[in-house]
Amino acid sequence: MSTGAGRPLVQLAAASKIYGAGAAAVRALDSVDLAVEAGAFVAITGASGSGKSTAMNILGCLDRPSSGSYRFAGRPLESAPREVLALVRRHFIGFVFQGFNLLPRTSALENVELPLVYRGMPAGARRDRARAALERVGLGNRACHSVSELSGGQQQRVAIARALVCEPALLLADEPTGNLDSKTSREIMELLSGLNRAGLTIVMVTHEPDIAAWAEREVRFKDGRIVADLRRGEG
């Protein structure tokens, strides 16, 4: 699957998502059009229930739209089998979550290695890749420390290294600073900005305006629809 420049890396077209049926149906997304170019840094914002997390789940191949289309690197995925969606997640998408989702009793290195274990990579090769990913986020000297020995900011850096170790085309960050203080949040955002400047496409969900301001583009959701699509420097 090519992820080269010249077309959107991810694209929703008239995408809707409905949960439930009949009188109990909830339209979480309502005919959304959204294209993200390779190399972009986009913040998706909105109140709770606005549809931003639903959009993120579809972009991350964790869910499918009920109607409309979703393309990843030009390939239609809205009707793809679960096995195909899993392969796209494994090989092309990295995830960073508010809650870190790390294994607390294992080392930083072992946590970062985990996606490569699922790929069946030999132990030596995956250890080298994991060490390189930890170096990239400034934690090479903490590789053998257990996660429980690390600060919240360091744990999020481990989570980012784990997302990077498979060299994804797209990084999805869901409230990546939600559990961090302001100083540590800035450090994490500086790290993400540096990764974006190096060419990584990032889509980040946040409810914090100061965090959204780090992105070059902000897409605001309300009631399942996009109500604003702003570039940095615009209103």
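- Of the possible polar contacts, none joining the R217 side chain to the L230 backbone as a donor-acceptor pair under 3.5 Å is found.
- For the pair Q154 (side chain) and S151 (backbone), a donor-acceptor distance under 3.5 Å is present.
- The list of salt bridge (Lys or Arg N to Asp or Glu O under 4.0 Å) pairs with a residue in residues 45-70, not counting sequence neighbours, reads K17-D63.
- Under a cut-off of 6.0 angstrom, the local environment of OH in Y118 is sparse, with at most 12 non-hydrogen atoms contributed by other residues, nucleotides or ligands.
- For the pair S50 (side chain) and K222 (backbone), a donor-acceptor distance under 3.5 Å is absent.
- Of all heavy-atom pairs spanning G39 and T201, the tightest one is N-OG1, 2.7 Å.
- Cluster annotation: V96 and M56 are assigned to distinct hydrophobic clusters (Ile/Leu/Val/Met/Phe/Trp/Tyr, side-chain heavy-atom contacts under 4.5 Å, transitive).
- Two residues are said to be in side-chain contact when any heavy atoms from C-beta on lie closer than 4.5 Å; E78 and P76 meet this criterion.
- The structure places CG of L87 at 9.0 Å from CG of L85, a figure rounded to the nearest 0.5 Å.
- The CG atom of D223 sits 8.5 Å away from atom CZ of R225, with the distance rounded to the nearest 0.5 Å.
- Counting heavy atoms from C-beta outward, F221 and I44 have side chains that approach closer than 4.5 Å.
- The heavy-atom pair separating I18 from A25 by the smallest distance is CG2-CB, 4.0 Å.
- No side-chain heavy atom of D33 sits less than 4.5 Å from a side-chain heavy atom of I226.
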Please test M204 against I211 for side chain to side chain contact (heavy atoms under 4.5 Å, CB included), starting from the C-alpha separation and ending with a verdict.
CA-CA 9 Å; M204 171 182 68; I211 297 300; 3.8 Å; yes

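- Considering every non-hydrogen atom in both R131 and C144, the closest pair reads NH2-SG, 4.4 Å.
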Step-by-step side chain to side chain contact (heavy atoms under 4.5 Å, CB included) determination, S67 to S16:
CA-CA 5 Å; S67 61; S16 295; 3.5 Å; yes

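- Between the side chain of N111 and the main chain of L103, a donor-acceptor pair closer than 3.5 Å is present.
- Looking at heavy atoms from C-beta onward, R142 lies out of side-chain contact with E149 at the 4.5 angstrom threshold.
- With Q11 contributing its side chain and P8 its backbone, the two residues share no donor-acceptor pair below 3.5 Å.
- Of all heavy-atom pairs between S107 and A143, the closest is CB-O, 3.6 Å.
- Note that the CZ atom of F97 and the CG atom of N179 stand 13.5 Å from one another [nearest 0.5 Å].
- When only modelled atom types and interatomic distance are considered, E218 and T45 share a side-chain donor-acceptor pair under 3.5 Å.
- Looking at L200, L195, I202 one by one, the single match for side chain to side chain contact (heavy atoms under 4.5 Å, CB included) with F41 turns out to be I202.
- Both L12 and L77 belong to a single network of hydrophobic side chains, linked directly or stepwise wherever heavy atoms of I, L, V, M, F, W or Y lie under 4.5 Å apart.
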Anything under 3.5 Å between a donor and an acceptor, one on a side chain of residues 160-174, the other on a protein residue two or more places apart or in another chain? List them.
{"unit_1": "R162", "atom_1": "NH1", "unit_2": "N101", "atom_2": "O", "d": "2.7"}
{"unit_1": "R162", "atom_1": "NH2", "unit_2": "F100", "atom_2": "O", "d": "2.9"}

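- In this structure, I58 CD1 and L29 CG are separated by 5.0 Å, a value rounded to the nearest 0.5 Å.
- Under the 4.5 Å side-chain heavy-atom criterion for ILVMFWY residues, no single connected hydrophobic cluster contains both L102 and L114.
- Both W214 and V137 are assigned to one and the same hydrophobic cluster, defined by single-linkage of ILVMFWY side chains at heavy-atom distances under 4.5 Å.
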Before giving the answer on side chain to side chain contact (heavy atoms under 4.5 Å, CB included), spell out for R75 and V84 the whole-Å C-alpha distance, their side-chain angles and the decisive distance to 0.1 Å.
CA-CA 11 Å; R75 177 170 180 168; V84 171; 3.9 Å; yes

Candidate pair E113 and R126, rule salt bridge (Lys or Arg N to Asp or Glu O under 4.0 Å), full reasoning
CA-CA 6 Å; E113 280 186 72; R126 70 174 183 252; 2.9 Å; yes

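- The heavy-atom pair separating N196 from A40 by the smallest distance is ND2-O, 3.2 Å.
- Note that the CD atom of E175 and the CG atom of L180 stand 11.0 Å from one another [nearest 0.5 Å].
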Take L134 and L109 through the side chain to side chain contact (heavy atoms under 4.5 Å, CB included) test and state the conclusion after the steps.
CA-CA 8 Å; L134 284 168; L109 185 68; 4.1 Å; yes

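- Separation of atoms OH (Y19) and CZ (R27) is listed at 12.5 Å; rounding is to 0.5 Å.
- Remark: R186 engages E190 in a salt bridge, criterion side-chain N to carboxylate O under 4.0 Å.
- Following chains of ILVMFWY side-chain contacts shorter than 4.5 Å, one can reach V112 starting from M121, so the two form part of one hydrophobic cluster.
- In terms of modelled atom types and a separation under 3.5 Å, the side chain of Q156 and the main chain of I188 share no donor-acceptor contact.
- With no hydrogens or angles considered, no side-chain donor-acceptor pair links T184 and E187 at under 3.5 Å.
- Classified by interplanar angle (parallel below 30°, tilted 30° to 60°, perpendicular above 60°), the ring pair F72/Y70 is perpendicular.
- A pairwise comparison of heavy atoms in S146 and P104 identifies CB-O, 4.1 Å as the closest pair.
- A donor-acceptor pair under 3.5 Å is absent between the side-chain atoms of N57 and the main chain of L62, judged by distance alone.
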